[in-house]
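Predicted model, so just to flag it, every value in this text is computed and none were measured. Naming convention: chains lettered A, B, ... in sequence-line order (proteins, then strands); numbering from 1 in each chain.
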Number of protein chains: 2
Amino acid sequence: MLELPAIDLTASAAPQVYDRLRRAILRGALVPGDRLSESEVAKLMGISRQPVREAFIHLASDGLAEVRPQRGTYIRKISISDVLSARLIREAVEGDLIRMVAAKADPALLPRLDAEIQQQRQALAQGDSDLFVRLDDRFHRMLAEAAGHESVWNVLEGLKSQMNRLRHITARTFDIQKLIDQHVEIVEGLRAGDAAQAEQAMRRHLNQLLDDLPEVTRSRPELFIP
Amino acid sequence: MLELPAIDLTASAAPQVYDRLRRAILRGALVPGDRLSESEVAKLMGISRQPVREAFIHLASDGLAEVRPQRGTYIRKISISDVLSARLIREAVEGDLIRMVAAKADPALLPRLDAEIQQQRQALAQGDSDLFVRLDDRFHRMLAEAAGHESVWNVLEGLKSQMNRLRHITARTFDIQKLIDQHVEIVEGLRAGDAAQAEQAMRRHLNQLLDDLPEVTRSRPELFIP
DNA sequence: TATTGCATACTTCCATACAAGAAAGCAATC
DNA sequence: GATTGCTTTCTTGTATGGAAGTATGCAATA
């Protein structure tokens, strides 16, 4: 059913269980609707039920799992409403951040962004969509850092866990070439020193999800709730 | 030390403990640096350690508490970096939302906002700063709802828990009259149907925190970490 | 055949006991 | 007097047993 790396017996068990399950959910190894059991996971990892239970509570607090008393614990379905909220927040925040980056006009930044985009093209050429998702994250983080607000990205990252699940599970259906082109547009806006252009490009980029979402939810309706 | 309402024995204990402790933290009854003990809270509530422990884990996941193994559990100090991130995010998001509200131009909305501001004035007249904080929350929530994105506010609310603690603990040092005036400016922007004016007013309003923060951190440095 | 009732096998939840680590006080020693 | 080491007492972490609630399959009944 599920492969989990063995835990380190010298450290606390509960955080390790949490970490492993969280990764499994985010990479799509555990899909929405899957059922978890305290005793089953405990046996799988060779520990007692209590630390597993604590990991479940932590996951539920993240919105990744749902504990239904006396029934079972389930991987939470992807809330379309949450995804849309996260997208709107990202558009507003990253729109502001890219304006700050343009205002700073750091000359050393542009070559680094170009190099990132080159790596994204390689990921596309290799057909490695998981790699692209990671590179995409890094691209946006780099921009937040360039704006002087890396900590903002850390906050957003927790918030957009639902978006990440969506992208991993349905990675194949996205048009990576188009996303890369949009990244290029953003960088070109920065190169031109045109804050408004860069912001428009960023907002278009983050609006792309709205185009892709309907098809995804139609093809895999069992993974979603409103 | 701490007053906690008795729990309902017919319902699950852990969520109730979580809820009571969370409220106590947000209203400032538990201040940053305070120490909690599983067994102490358990005795106080007449239950065993286990559900208390689970509540602690949930609080830690919210960033409100910090469990230090074999040492104790502490109310987390207010992270200035987190507060600043939350403020920046709010400015970007609510700036976008207020533009949407202006675009909708719902005629029934303005009287409701006026009534809200009247209540805020009453809270000021009564010197009830806790009430004003709650009304302020409601004012912003109402605007998000008017933009058609109440769920976005739900997400922001969890994110800005650190901001709420700050405001409750230091409520006296804020100039409530000024905040109300800024609310009026926002509503006037809407009344004029001027999206740009409304957005500017909102951004000024949310920038107010940057003016107030230095004095607060200087007067109570023991409550903060960078 | 359709429905009701019950036994059974799960699940999460709570209480309790014990283990392991950290801190503080105190005494012995240099 | 200062330091070291031990003892005690606290803390959180884990294991386990049992309680209560839920779903399911099966048999009895209308």
Apply salt bridge (Lys or Arg N to Asp or Glu O under 4.0 Å) to the pair Glu91(A) and Arg87(A), showing each step before the final yes or no.
CA-CA 6 Å; Glu91(A) 180 185 334; Arg87(A) 192 216 63 79; 2.8 Å; yes

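Ring planes of His183(A) and His205(A): perpendicular class, angle over 60° (limits at 30 and 60°).
Here the C1' atom of nucleotide dT16(C) and the CZ atom of Arg53(B) are 14 Å apart, to the nearest Å. Distance, Arg35(B) CZ to dA23(C) P: 10 Å, rounded to whole Å. For the pair Glu40(A) CD and dA9(C) P, the interatomic distance rounds to 18 Å; values are reported in whole Å. Distance Glu38(B) CD to dA22(C) P: 16 Å, rounded to the nearest Å. The interatomic distance linking Leu36(B) (CG) with dC10(D) (C1') rounds to 15 Å, in whole Å.
If one axis is set at each end of the helix from dT1(C)-dA30(D) to dC30(C)-dG1(D) from five pairs, those axes are 0° apart, to 10°.
Residues Asp19(B) and Arg23(B) are paired through a salt bridge, judged by an N-O separation under 4.0 Å between the basic side chain and the carboxylate. By the 4.0 Å N-to-carboxylate-O rule, Asp82(B) lies too far from Lys77(B) to be salt-bridged with it.
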Treating primed atoms plus P, OP1 and OP2 as sugar-phosphate and everything else as base, which nucleotides of nucleotides 15-21 of chain D get B, S or - for protein heavy atoms under 4.0 Å?
BBBB-BB

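An OP1 or OP2 oxygen of dT11(C) is reached within less than 4.0 angstrom by a side-chain nitrogen or oxygen of Ser39(A). For Thr73(B) and dT12(D), the shortest distance from a side-chain N or O to OP1 or OP2 is below 4.0 Å.
Side chains of Asn207(A) and Arg204(A): no donor on one and acceptor on the other come within 3.5 Å. A donor atom on one side chain and an acceptor atom on the other are not found under 3.5 Å apart for Arg22(B) and His58(B).
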